[in-house]
Amino acid sequence: MERDDGGLFLVNDALEMILIFDRMGKISYANTAAETKLEYGSELCGKNICDIFPNDFRKDGESFETNYRFGGEIQNLMAYRKNLTCFPVEVKMDSRTDNGTYVCMANDALEKEHLGREIAQVKKEAQQALKVKSEFVANVTHELRTPVNGVLGNVRELLDVETDGQKMKTLRTIERCCGDMNKIINNILDFSKLEAGKFALEPRKFHVRDMLDYVKANHMGKITEKGLEFFMTVSPQVPEYIIGDELRIVQILNNLLSNALKFTAVGKVTVEVLKTAQVNDRIELFFIVIDSGIGIDKADQDKLFQSFSQVDASISRKYGGTGLGLNICKQLVELMGGRIEVDSEKGRGSIFSFSIWVSVTEEEAKASSETDAVRTYSFVGDRAELSSDAQEEDAKKYGTPKNQEALSKNLSKLILCVEMENWEKAEMFMDMIRQLTQGAPREVGRVILKLKMAVQKENYEKVTAGFEELKTLLQG
Ligand code: ADP
């Protein structure tokens with residue numbers, strides 16, 4: 001027992017009862033909890049341990065007699081109060097050979113049980129509240145889908161008959177907004193289902209390469225629009241058919257790919273699929289999505305898979321998103337028995353990889369290895385390094401032919417967005433232009449800054465003036 005002031009203070013105020021007694025059983029110290037719970041007050045010092053535990057400690061001349069094993073495990077005894085009523089306690093006693101004293105630490109078992117019951121009740125209520133909240137979110141998002149899809153359906157009908165260019169542009173914008181809204185609604189729905197533990201995978205047999213072609217087709221528009229290079233390689237060992245939840249695998253890949261494309265201005269995006277393990281009819285598939293985009297700080301990488309987490313507020317303002325995507329991916333990957341990881345470097349791109357376990361029939365595995373040999377899919381043996389491609393680096397270096405090419409592409413896209421008054425997208429291209437002009441002469445930097453401010457302020461005249469000024473400067 002610590003006898004300095006700090007130690008004694010802690011012992012005095014401890015929640016459990018603490019007693020010190022000597023060879024004769026005489027109590028020489030009792031903390032506040034012991035004095036209160038045994039209802040002796042300050043009289044407790046001077047009493048005998050046999051008065052407190054009469055069933056287990058008996059007076060024996062000058063000493064006491066007991067079967068209690070000092071220094072052993074926690075034991076359940078009955079403690080007697082001053083008024084001779086008793087209550088169960090969990091007791092641990094040690095003997096101190098240096099000064100011949102004994103230390104007794106005891107917990108009120110009833111209180112502990114009561115506390116345990118209370119904790120269980122609080123936990124139950126919290127779980128119930130969470131369930132109600134999740135159900136509410138699920139219901140609301142479900143209800144939201146109906147009007148959004150109603151708008152979408154009507155807009156599509158109007159688009160079929162509309163011929164006026166300006167009106168069609170407006171209708172397309174509404175169509176795109178409904179699509180975005182649906183994506184957010186679906187994310188919230190998935191998230192609340194996963195949180196409530198109500199999410200069930202729906203495995204069925206599907207063709208892996210067809211699924212990958214579908215994923216690729218989903219993103220082709222963006223890839224072309226941004227002028228990025230895109231590669232998809234599938235190892236020949238990946239079987240033709242697998243049994244898994246295709247919809248959810250597509251969802252994970254779509255999320256990783258749209259992030260990769262969202263955050264990459266120049267260079268390339270690569271997807272690789274490998275078979276990394278097999279145990280009987282279960283195989284592990286490993287997917288890698290590599291981009292040469294803005295990258296993520298090491299310090300921010302841990303936060304990525306948490307819900308509602310975006311690297312910083314300016315990113316969410318510029319690129320949009322709810323910060324739910326990667327958290328959903330992580331939960332889905334874990335449901336499929338795998339792991340998701342990120343390896344990234346600020347300004348150098350990112351590698352997102354995940355593994356999943358799926359089933360395969362023996363014949364299918366065999367058939368896939370035979371047919372894969374003649375398919376055009378090729379597996380590039382080594383995992384690509386971040387931005388290892390010399391051309392990509394070249395595009396980032398101001399003044400090189402690749403850089404000039406990327407710059408003029410992005411400038412045309414910027415001005416197109418401004419013409420269409422799509423300021424959000426214009427800001428995105430502005431961002432790419434800024435990346436591409438890093439290291440440019442001072443006067444270029446000055447015009448870029450002016451242009452950026454004009455885009456942020458959505459000032460059409462100033463943007464076009466800045467654009468012309470920049471074009472002249474770049475040509476000169
Ligand atoms: P959101 O639905 O908002 O896109 P995600 O969970 O998919 O949310 O992504 C969270 C954040 O992680 C993004 O806002 C971005 O800051 C960062 N991030 C994700 N993928 C990439 C990437 N390939 N390159 C750079 N940053 C990324």
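Order of appearance sets the numbers: ligands from 1, and atoms from 1 within every ligand. The first residue in the sequence is number 1, and the count goes up from there. Just so it is clear, the values below take in all heavy atoms, side chains as well, and ignore hydrogens, waters and symmetry mates. All of these numbers come straight from a predicted model, not from anything done at the bench.
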>> Minimum heavy-atom separation for Cys329 and Ile340, please, with both atom names.
In response: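 The pair with the smallest heavy-atom distance is CB-CD1, 4.0 Å.
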> Between the side chains of Asn186 and Gln251, does any donor sit under 3.5 Å from an acceptor?
Replying inline: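 The criterion, which ignores hydrogens and geometry beyond distance, is not satisfied for Gln251 and Asn186.
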>> Ignoring hydrogens and geometry beyond distance, is a side-chain donor-acceptor pair present between Gln331 and Asn327 at under 3.5 Å?
In response: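 Result is yes, a qualifying pair exists.
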> Mind checking whether Leu407 and Thr437 have side chains closer than 4.5 Å, heavy atoms only?
Replying inline: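 Answer yes - side chains close enough.
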>> Using the ring pair (Phe, Tyr, Trp, His ring centres under 6.0 Å) criterion, which residues pair with Phe287? Sequence neighbours excluded.
In response: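 Listed in chain order: Phe354.
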Numbered atoms and elements of ligand 1 in range of [X], under 4.0 angstrom, heavy atoms:
X: Lys262; result: 4 (O)
X: Asn255; result: 7 (O)
X: Phe352; result: 20 (N), 21 (C), 22 (C), 23 (N)

>> As a check for students: among Ile296, Leu304, Ile351, identify the option with a heavy atom nearest to atom 26 (N) of ligand 1.
In response: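 When every heavy atom of Ile296, Leu304, Ile351 is considered, Ile296 comes closest to atom 26 (N) of ligand 1.
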>> According to side chain to side chain donor-acceptor pair (under 3.5 Å), who are the partners of Arg156, at least two apart in sequence or on a separate chain?
In response: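 Checked Arg156 against side chain to side chain donor-acceptor pair (under 3.5 Å); matches are Glu175.
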> Out of curiosity, is Ser350 lining ligand 1, as in a heavy atom under 4.0 Å away?
Replying inline: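 Yes, Ser350 has a heavy atom closer than 4.0 Å to ligand 1.
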> Are any of the N or O atoms of Asp291 closer than 3.5 Å to those of ligand 1?
Replying inline: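 Yes, since at least one N or O of Asp291 sits under 3.5 Å from an N or O of ligand 1.
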> Relative to ligand 1, is Leu326 under 4.0 angstrom through side chain, backbone, both or neither, heavy atoms considered?
Replying inline: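 Answer for Leu326: both.
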